[in-house]
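Have a look at the structure below, then the notes.
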Amino acid sequence: MNLSSSPDVTTFLMFEGNAEQAMDLYVGLFENSRVEHISRYGPGEQGKEGSVQVATFTLNGQTLRCIDSPAPHEFTFTPAMSLYVTHADEKKIASYFETLSDGGQVLMPLGEYPFSKQFAWVQDKFGVSWQLSHSE
């Protein structure tokens, strides 16, 4: 199989000025995560100087990209698209819930549901939606 002809599919998050804050929160929360690369807007460029032109980061091996949009727009993130996180450790799920719901919105409270021993759905303070589920 020729891998060069295979598509690379990556989650892409567009922020309006707080991409780096969001990345820092996420890579600090999830194990084996790090910021891989950041390109910043320079003087006289389209975006605010120093803001994130494009960045790549990984959350436990899952690659994501993000930007600080230089243009205002009429839309934002929606819970219809969420990042789904599973973990076998209930304390970790509770920790993720506590951190990601801080300053955000709880869409489904942390608890037991017919489909999961422990589950929560939150929208973080940046507007990104997360489903957190215990895996057995």
Side-chain angles (χ1 to χ4, degrees):
M1 181 173 151
N2 180 357
L3 294 179
S4 64
S5 65
S6 298
D8 184 22
V9 179
T10 305
T11 300
F12 190 93
L13 304 172
M14 183 172 61
F15 297 91
E16 288 189 71
N18 51 12
E20 190 163 11
Q21 294 169 309
M23 275 191 305
D24 288 345
L25 176 71
Y26 306 154
V27 300
L29 181 60
F30 296 104
E31 303 82 8
N32 305 312
S33 302
R34 66 181 180 273
V35 174
E36 300 286 341
H37 175 78
I38 299 178
S39 293
R40 298 179 187 285
Y41 287 105
E45 292 186 319
Q46 188 178 12
K48 179 181 174 190
E49 185 176 350
S51 66
V52 176
Q53 187 175 41
V54 66
T56 304
F57 62 106
T58 59
L59 301 180
N60 196 29
Q62 178 68 43
T63 301
L64 296 95
R65 298 188 86 182
C66 67
I67 64 169
D68 277 323
S69 174
H73 43 80
E74 296 295 318
F75 55 87
T76 186
F77 299 108
T78 170
M81 172 64 183
S82 60
L83 299 174
Y84 195 88
V85 179
T86 60
H87 203 294
D89 185 340
E90 291 181 44
K91 290 181 182 176
K92 283 290 189 183
I93 295 294
S95 174
Y96 300 157
F97 173 78
E98 183 178 318
T99 300
L100 293 169
S101 64
D102 184 26
Q105 180 181 3
V106 175
L107 304 174
M108 287 179 74
L110 183 63
E112 185 172 342
Y113 293 88
F115 53 85
S116 179
K117 178 178 168 180
Q118 184 184 35
F119 178 86
W121 195 342
V122 301
Q123 198 165 22
D124 69 26
K125 63 185 173 185
F126 304 107
V128 176
S129 180
W130 300 82
Q131 293 186 61
L132 311 169
S133 185
H134 180 264
S135 63
E136 299 193 36

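Nothing fancy with the numbering, it's 1 onward along the sequence. Quick caveat, the model's predicted, so the values are computed rather than measured.
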Rounded to the nearest 0.5 Å, how far apart are CD1 of Ile93 and CG of Leu110?
-> 8.0 Å

Closest heavy-atom contact between Pro70 and Gly47?
-> CB-CA, 3.6 Å

Should the pair Phe119 and Phe115 be assigned to parallel (<30°), tilted (30 to 60°) or perpendicular (>60°) ring geometry?
-> perpendicular

Nearest heavy atoms of Lys48 and Ser51, plus distance in Å | O-OG, 2.7 Å

What distance do Gln131 atom CD and Leu83 atom CG have between them, rounded to the nearest 0.5 Å?
-> 9.5 Å

Measure from the side-chain N and O atoms of Ser116 to the backbone N and O of Gln118, and report whether any donor-acceptor pair falls under 3.5 Å.
-> yes

Can you see which heavy atom on Arg65 is nearest to which on Val54, and at what distance?
-> NH2-CG2, 3.4 Å

Taking the side chain as C-beta and beyond, is there a heavy-atom pair between Ser129 and Trp121 under 4.5 Å?
-> yes

Check whether any side-chain heavy atom of Lys125 sits under 4.5 Å from a side-chain heavy atom of Asn18, and report yes or no.
-> no

For Ala88, does its backbone N or O pair with a side-chain atom of Ser135 as donor and acceptor, under 3.5 Å?
-> yes

Using only heavy-atom distances, determine whether the side chains of Tyr41 and Asp68 contain a donor-acceptor pair under 3.5 Å.
-> no

Nearest heavy-atom pair of Arg40 and Gly50: which atoms, and what distance?
-> NH1-O, 3.1 Å

Apply the test side chain to side chain contact (heavy atoms under 4.5 Å, CB included) to residues Leu107 and Val122: give CA-CA distance (whole Å), side-chain angles for both, the deciding distance (0.1 Å), then the verdict.
-> CA-CA 5 Å; Leu107 304 174; Val122 301; 5.9 Å; no

Backbone N/O of Ser95 and side chain of Thr99: donor-acceptor pair under 3.5 Å = yes

Reported CZ-to-NE2 distance for the pair Phe30 and His87, which is rounded to 0.5 angstrom = 9.5 Å

Okay, side chain of Glu45, backbone of Gly42: is any donor-acceptor separation there less than 3.5 Å?
-> yes

Side chains of Phe97 and Trp130: does their closest heavy-atom pair fall under 4.5 Å?
-> no

Could you tell me the separation between the CG atom of Leu132 and the CD atom of Glu98, rounded to the nearest 0.5 Å?
-> 12.0 Å

Audit row: Thr63, Glu36, side chain to side chain contact (heavy atoms under 4.5 Å, CB included) steps and yes/no = CA-CA 9 Å; Thr63 301; Glu36 300 286 341; over 6 Å; no

Donor-acceptor contact below 3.5 Å, side chain Ser82 vs main chain Tyr84 = no

So, do Phe126 and Leu13 sit near enough that their side-chain heavy atoms are less than 4.5 Å apart?
-> no

Between Ser33 and Glu31, is there a donor-acceptor pair closer than 3.5 Å when you use the side chain of the first and the backbone of the second?
-> yes

Shortest non-hydrogen contact from Tyr113 toward Met108 = CE2-CE, 3.4 Å

Determine, step by step, whether Ile67 and Phe12 satisfy the side chain to side chain contact (heavy atoms under 4.5 Å, CB included) criterion, reporting the C-alpha distance in whole Å, the side-chain angles of both residues, the deciding distance to 0.1 Å, and the verdict.
-> CA-CA 8 Å; Ile67 64 169; Phe12 190 93; 3.5 Å; yes

Rounded distance (nearest 0.5 Å) linking atom CD of Gln123 with atom CD of Gln105 | 5.5 Å

Euclidean distance, Thr56 OG1 relative to Leu64 CG, rounded to 0.5 Å | 9.5 Å

Looking at side-chain heavy atoms only, is the closest gap between Val52 and Phe15 below 4.5 Å?
-> no

Same hydrophobic cluster for Val106 and Leu29, using side-chain heavy-atom links shorter than 4.5 Å among ILVMFWY?
-> yes

